[in-house]
Amino acid sequence: MNKNIAVIRGDGIGPEIVEQALCVLDRVAELYGHTFTYTDVDMGGCAIDKWGDPLPEEMLQKCLASDSVLLGAVGGNKWNSVPGHLRPEKGLLRLRAGMGVYSNNRPAKIWPQLASASPLKSDIVEKGIDFIIVRELIGGIYFGEHKTETKDAQQVATDILTYSEKEIERIGRIGFETAQKRSGRLCSVEKSNVLDSSRLWKAVMHRLAEEYPDVELTDMLVDNCAMQIVKNPAQFDVIVTENMFGDILSDEASIITGSIGMIPSSSLGSSSCGLYEPIHGSAPDIAGTDAANPIGTILSAAMMLRFSFDMSAEAECIENAVSALLDKGYRTADIMPSDPAEAEKCKKIGCKECGSLITSLLKKA
Ligand code: NAD
């Protein structure tokens, strides 16, 4: 199969981790007889420096013309003082909206080899952590009106949170369908004790539930959910929630599995052209030091193969290679055990070595 992938290296550790994912993809193509071609796309701080715009229209068009998009990360201190509409993250929001990818899927699964890297107590980890957060991605407060004005001699800032029934229903359906493919339990997370948008969210979810009698729907307030994720994560199978709540909860869910550097994500809309990216940011604190963990990006590439290109065997081949790497005791700095006795059994590696070891461990099933 021939596939064209739009590649956004971005800022900070972005170029380092994407490079490793491309090495893995090239080897998969060789093993399975595919051709992957890559179209470079500038987005984020590097696009501001080059084009004065975090996502020039021409770059968005390159993504829309591709079979799918692989993204590293964008942003960094250098661009913190630019006006809001020119921030690197605006490029990302514009890309998601332009591609119409309304459903963001973030798995929170602990690799057994990394159980000791979880900050949770071992009795909680032993019960298992394996759930998915389905997050609405192109609505809500991140896409509402933002303004800062002067009133009564002081600055007043406003951000508007809006959801329509249609927007809630389409993400709700993804939640129910994801639960149907797993254990049939869906937890809808909102703040219906305070927000109108959450009351509408809850009503739509319950209306949809009548169409999915095989799925058990529960409701949870977002503040309680933040607590439950650390207290008893084994209770969750699929969580469906709005944009900002999903953003925050999925970072929390990632850290209990060991490291934010391990978690991939997929974002899909109504076509098979998806956006695949690790859930972390550009990590400016470790950029250029070869300390970044590329596994979240490599697993994002695996998700692309599975969900957009219908290449499940190829995706599994990547996941098996990651598992083999962990079995052999190789660890990037972020997943090194804190216990010195455990750490002694592991070998610390950098980003490049991690990518080349995974590439060398790829085996056609
Ligand atoms: P971050 O995710 O970049 O970093 C948080 C912490 O996790 C840091 O200590 C970092 O070193 C560590 N970390 C992150 N990814 C890692 C990896 N692959 N391997 C090892 N350690 C890793 O979050 P932040 O510091 O809040 O944000 C930094 C910049 O990234 C900001 O400009 C922010 O706006 C941007 N950002 C971008 C995206 C995106 O591109 N999708 C997402 C979140 C934040």
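Note that the structure is predicted; figures quoted are calculated from it, not measured.
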Checklist entry - If you measure from CG on Leu221 to CG on Asn193, what distance do you get to the nearest 0.5 Å? => result 4.5 Å
Checklist entry - What about Ile133 and Ile248, same hydrophobic cluster or not, with Ile/Leu/Val/Met/Phe/Trp/Tyr joined at side-chain heavy-atom distances under 4.5 Å? => result yes
Checklist entry - Run the salt bridge (charged side-chain N to carboxylate O under 4.0 Å, His left out) check on Arg306 and Glu319 step by step: do they pass? => result CA-CA 11 Å; Arg306 178 173 285 120; Glu319 289 152 0; 2.8 Å; yes
Item to check | Atom CD of Glu149: over 12 foreign heavy atoms under 6.0 Å | outcome: yes
Next on the checklist: What I'd like to find out is whether the side chain of Met336 reaches to under 4.5 Å of the side chain of Cys346, using heavy atoms alone.
Outcome noted: yes
Checklist entry - Looking only at side chains, do Ser192 and Trp201 share a donor and an acceptor under 3.5 Å apart? => result no
Item to check | Thr257 side-chain N/O to Ala108 backbone N/O, donor-acceptor pair under 3.5 Å | outcome: no
Next on the checklist: Quick test of your reading: applying salt bridge (Lys or Arg N to Asp or Glu O under 4.0 Å), list the pairs with at least one residue in residues 27-45, sequence neighbours left out, ordered by first then second residue.
Outcome noted: Arg9-Asp40, Arg27-Glu30, Asp42-Lys50
Next on the checklist: Working note: Trp111 + Ser323, criterion side-chain hydrogen bond (donor to acceptor under 3.5 Å, both in side chains); need CA distance, chi angles, decisive distance, verdict.
Outcome noted: CA-CA 8 Å; Trp111 292 77; Ser323 188; over 6 Å; no
Checklist entry - How far apart are the C-alpha atoms of Met311 and Glu316, what are their side-chain angles, what is the distance that settles it, and do they pass the side-chain contact (heavy atoms from CB on, under 4.5 Å) test? => result CA-CA 9 Å; Met311 297 180 184; Glu316 215 174 299; over 6 Å; no
Item to check | Short N-O contact, Arg94 and Asp53, less than 4.0 angstrom | outcome: yes
Checklist entry - Could you go step by step and tell me if Gln228 and Gln235 meet the side-chain hydrogen bond (donor to acceptor under 3.5 Å, both in side chains) rule? => result CA-CA 8 Å; Gln228 295 299 329; Gln235 72 186 283; 2.9 Å; yes
Checklist entry - Yes or no on side-chain contact (heavy atoms from CB on, under 4.5 Å) for Arg87 and Val82, after CA distance, side-chain angles and deciding distance? => result CA-CA 6 Å; Arg87 293 284 298 256; Val82 300; 3.8 Å; yes
Next on the checklist: Can you confirm whether more than 12 heavy atoms, excluding those of Asp310, are under 6.0 Å from its CG atom?
Outcome noted: no
Item to check | Common cluster, Met244/Ile160, ILVMFWY with side-chain heavy-atom separation under 4.5 Å | outcome: no
Next on the checklist: Nearest 0.5 Å, please: how far is CD1 in Ile5 from CG in Leu22?
Outcome noted: 7.5 Å
Item to check | Basic-acidic side-chain contact under 4.0 Å: Lys345, Glu342 | outcome: yes
Item to check | Inter-residue atom distance Leu86.CG - Ile48.CD1, 0.5 Å rounding | outcome: 6.0 Å
Item to check | side-chain hydrogen bond (donor to acceptor under 3.5 Å, both in side chains) between Ser66 and Asn4, intermediate numbers included | outcome: CA-CA 5 Å; Ser66 73; Asn4 179 247; 5.2 Å; no
Checklist entry - Do Gln20 and Cys351 come close enough that some side-chain heavy atom pair is under 4.5 Å? => result yes
Checklist entry - Which residues pass the salt bridge (charged side-chain N to carboxylate O under 4.0 Å, His left out) test with Glu353, sequence neighbours left out? => result Lys347
Next on the checklist: Applying salt bridge (charged side-chain N to carboxylate O under 4.0 Å, His left out) to Glu169 and Arg173, what does each step give before you reach the verdict?
Outcome noted: CA-CA 6 Å; Glu169 186 176 320; Arg173 288 194 185 283; 3.0 Å; yes
Checklist outcome for this item: Given the options Tyr163, Tyr142, Tyr102, Glu136 meets side-chain hydrogen bond (donor to acceptor under 3.5 Å, both in side chains) only with Tyr163
Next on the checklist: Using modelled atom types and a 3.5 Å cut-off, is there a donor and acceptor pairing between side-chain atoms of His146 and backbone atoms of Asp159?
Outcome noted: no
Checklist entry - How far does CG of Leu95 sit from CD1 of Ile138, to the nearest 0.5 angstrom? => result 11.0 Å
Checklist entry - Just by modelled atom types, is the Cys46 backbone N or O under 3.5 Å from a matching donor or acceptor in the Asp11 side chain? => result yes
Checklist entry - Should the pair Lys364 and Tyr32 be classed as cation-pi, given the thresholds of under 6.0 Å to the six-membered ring centre and 45° from the axis? => result yes
Checklist entry - Can you tell me how far the CD atom of Glu190 sits from the CD1 atom of Ile168, to the nearest 0.5 Å? => result 10.0 Å
Using distance only, find each side-chain donor-acceptor pair of residues 258-280 under 3.5 Å and give its atom names and separation, not counting sequence neighbours.
{"from": "Ser259", "atom 1": "OG", "to": "Gly261", "atom 2": "N", "distance (Å)": "2.9"}
{"from": "Ser259", "atom 1": "OG", "to": "Asp334", "atom 2": "OD2", "distance (Å)": "2.6"}
{"from": "Ser265", "atom 1": "OG", "to": "Glu277", "atom 2": "O", "distance (Å)": "2.8"}
{"from": "Ser267", "atom 1": "OG", "to": "Asn104", "atom 2": "ND2", "distance (Å)": "2.9"}
{"from": "Ser271", "atom 1": "OG", "to": "Cys273", "atom 2": "N", "distance (Å)": "3.1"}
{"from": "Tyr276", "atom 1": "OH", "to": "Ser308", "atom 2": "OG", "distance (Å)": "2.6"}
{"from": "Glu277", "atom 1": "OE2", "to": "Arg96", "atom 2": "NH2", "distance (Å)": "3.4"}

Checklist entry - Taking a hydrophobic cluster as the set of Ile, Leu, Val, Met, Phe, Trp and Tyr residues connected by side-chain heavy atoms closer than 4.5 Å, whether directly or through intermediates, do Val238 and Met205 fall within one such cluster? => result yes
Checklist entry - Is there a donor-acceptor pair under 3.5 Å between the side chain of Asp237 and the backbone N or O of Ser183? => result yes
Item to check | Shared hydrophobic cluster for Leu120 and Ile239 (ILVMFWY, side-chain gaps under 4.5 Å) | outcome: yes
Checklist entry - Quick check: are there more than 12 heavy atoms from other residues, nucleotides or ligands sitting under 6.0 Å from NZ of Lys191? => result yes
Checklist entry - Please walk me through it: do Lys352 and Glu19 pass salt bridge (charged side-chain N to carboxylate O under 4.0 Å, His left out)? => result CA-CA 9 Å; Lys352 281 189 200 136; Glu19 203 50 47; over 6 Å; no
Next on the checklist: If I take atom CD1 from residue Ile318 and atom OG from residue Ser300, how far apart are they, to the nearest 0.5 angstrom?
Outcome noted: 10.5 Å
Item to check | Heavy atoms of other groups near Gln155 CD, more than 12 under 6.0 Å | outcome: no
